[in-house]
Asker: 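I have a structure here, written as structure tokens, and I will follow up with some questions on it.
So that the names make sense, note that chain A is the first sequence line, chain B the second, and so on, each numbered from 1.
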There are 2 protein chains.
Amino acid sequence: MNTKNPTALTPHNHDSCIASALEKAQQVCQRNNVRLTELRLRVLELVWRSHKPLGAYDILAVLAKEDGRNAAPPTVYRALDFLLEQGLIHRIASLNAFIGCSDPECPHQGYFLICNQCGITLELHSDKVSKSIQRAALEYDFQISHEMVEVVGVCPNCKV
Amino acid sequence: MNTKNPTALTPHNHDSCIASALEKAQQVCQRNNVRLTELRLRVLELVWRSHKPLGAYDILAVLAKEDGRNAAPPTVYRALDFLLEQGLIHRIASLNAFIGCSDPECPHQGYFLICNQCGITLELHSDKVSKSIQRAALEYDFQISHEMVEVVGVCPNCKV
DNA sequence: ACTAGTATGTTATATTATAACAATTATGTT
DNA sequence: AACATAATTGTTATAATATAACATACTAGT
Ligand SMILES: [Zn+2]
Ligand SMILES: [Zn+2]
Ligand SMILES: [Zn+2]
Ligand SMILES: [Zn+2]
């Protein structure tokens with residue numbers, strides 16, 4: 001499940017990256033006046049520990065194996081729903097999987113580059129993509145509430 | 001399952017729209033030297049008959065009810081896979097559903113505006129969106145093989 | 001301590017999708 | 001036409017993802 005080179009596209013220390021993500025999450029939840037419980041924090045950590053999108057049942061399996069917590073699906077899905085609501089993770093629709101948000105303090109839509117070789121997934125922050133979608137929607141008098149952009153292909157590390 | 005105003009975003013006669021879609025499909029398949037069988041044609045027609053994305057099990061239900069054809073899931077999924085391969089339909093990942101392609105003769109990625117009130121779904125053809133995504137991917141040296149853009153919101157007809 | 005609200009546990013089930021193998025149908029060759 | 005081959009569809013079973021409904025436990029404010 002782990003990628004060959006998890007830090008390929010985001011050169012940094014992964015442990016400290018997780019730690020800072022969890023810290024940010026604490027702040028976000030404090031500001032939003034919601035409770036980042038032990039379970040929710042743990043699920044967020046597991047999602048962050050993987051640079052590949054993680055499925056709900058993958059999370060369940062880790063909880064069972066590493067925590068001895070025999071949780072049922074609703075437990076995990078509720079935690080994921082909470083994290084989604086707080087903008088701490090994104091759902092990748094094309095993979096039925098979840099990934100940590102790289103900038104939860106600034107609300108935004110999720111644009112992703114997904115490598116179909118190694119699974120690594122990078123969150124894009126592109127104003128140009130955002131603007132072009134907004135303009136296109138405007139042409140049709142369509143009022144946007146949520147955008148999903150998922151680009152599948154080959155990451156630099158997996159190119160020959 | 002049918003929308004209140006299926007022709008809202010695409011003002012045309014729906015029957016003739018379906019007919020022309022099926023005709024185009026015949027041509028595409030002839031050119032590609034593949035067989036658009038009775039089943040495949042029927043599934044394509046059902047997908048086209050709905051301006052809302054249609055689920056595989058919705059199709060199964062119609063086949064059972066209208067055609068007395070007690071097909072099992074693989075039958076429908078295989079037909080859908082064929083239609084996807086030939087570019088005659090798109091899959092909407094966020095809805096686990098399928099919709100007819102508005103321009104199967106010219107290969108392209110699927111960009112969609114999806115109304116969360118009435119379900120109507122419009123396929124965008126936007127070079128600007130396409131270019132902006134390509135540029136963003138290029139910045140990361142990411143080689144695109146497939147793009148998905150799904151924009152959820154409120155269509156003009158459903159606005160107050 | 002009491003209460004209301006929030007979160008989690010638990011059981012059952014719904015929804016979407018595929019694997020594996022059998023039967024049928026279409027196509028090209030003798 | 002008879003045959004061999006490949007493509008398509010049928011059939012059964014099951015995998016993978018997600019939610020409904022209700023019970024229990026925990027938290028925070030009174
Ligand atoms: Zn994000
Ligand atoms: Zn890769
Ligand atoms: Zn299309
Ligand atoms: Zn609408």
Asker: Checking contacts here: which listed nucleotide (C:dT27, C:dT8, C:dG9) is nearest the side-chain heavy atoms of A:T75?
Answerer: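 Selected nucleotide (nearest to the side chain): C:dG9.
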
Asker: Given D:dA18, is OP1 or OP2 found less than 4.0 Å from the side-chain N or O atoms of A:R78?
Answerer: no

Asker: Is there a path of hydrophobic side-chain contacts, each under 4.5 Å between heavy atoms, that joins B:V151 and B:I114?
Answerer: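 As far as the 4.5 Å side-chain criterion goes, B:I114 and B:V151 are not connected within one cluster.
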
Asker: Send over the distance from A:R35 CZ to C:dA4 C1', rounded to a whole Å.
Answerer: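 Result: 13 Å.
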
Asker: When the nearest nucleotide of DNA chain D is assigned to B:P73 and to B:R40 on a heavy-atom basis, which residue is associated with the more 5' position?
Answerer: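 This one resolves to B:R40.
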
Asker: Starting the side chain at C-beta, find the nucleotide from C:dT8, C:dA17, D:dT27 nearest to B:N96.
Answerer: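 The nucleotide sitting nearest to the side chain is C:dA17.
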
Asker: When you measure from the side chain of B:L39, which nucleotide among D:dG10, D:dA20, C:dA19 comes out closest?
Answerer: D:dG10

Asker: Nearest-Å distance, CG (B:L60) to C1' (C:dT16)?
Answerer: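 My rounded result for the distance is 11 Å.
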
Asker: Expressed in angstrom and rounded to an integer, what is the separation of A:L41 atom CG from C:dA7 atom C1'?
Answerer: 15 Å

Asker: With DNA chain D as reference, determine whether A:Y57 or B:A79 sits nearer its 5' end, using the nearest nucleotide of each.
Answerer: B:A79

Asker: Could you check how far CD1 of A:I59 sits from P of D:dA16, rounded to whole Å?
Answerer: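 About 16 Å, once rounded to whole Å.
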
Asker: Please report, rounded to the nearest Å, how far the C1' atom of C:dT24 is from the CD atom of B:E38.
Answerer: 14 Å

Asker: Does the structure show B:Y77 stacking with C:dT18, if we require the centres to be closer than 5.5 Å and the planes to be within less than 30 degrees of parallel?
Answerer: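 No; centroid distance or tilt outside limits.
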
Asker: So, A:D103 and A:K24, do they make that salt bridge, N to O below 4.0 Å?
Answerer: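 No, this pair does not count.
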
Asker: Going by atom types alone, do B:E147 and B:Y111 pair a side-chain donor with an acceptor below 3.5 Å?
Answerer: yes

Asker: Round to the nearest Å and state the distance from A:D81 atom CG to D:dT17 atom P.
Answerer: 16 Å

Asker: Classify the ring geometry between A:H108 and A:H90 as parallel (under 30°), tilted (30 to 60°) or perpendicular (over 60°).
Answerer: tilted

Asker: Rounding to a whole Å, what distance do you find between B:N70:CG and D:dG10:C1'?
Answerer: 12 Å

Asker: Is there a side-chain hydrogen bond (donor to acceptor under 3.5 Å, both in side chains) between A:H146 and B:S94 once you walk through the steps?
Answerer: CA-CA 11 Å; A:H146 185 231; B:S94 62; over 6 Å; no

Asker: Quick one: B:F82 CZ to D:dA6 P, roughly how many Å, whole number?
Answerer: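 Answer to the nearest Å: 20 Å.
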
Asker: Which nucleotide in the list C:dA17, D:dT12, D:dT9 gets nearest to the side chain of B:R91?
Answerer: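 Nearest nucleotide to the side chain: C:dA17.
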
Asker: Go through C:dA17, D:dT27, C:dT10 for me and flag the one nearest to the A:A72 side chain.
Answerer: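 Selected nucleotide (nearest to the side chain): C:dT10.
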
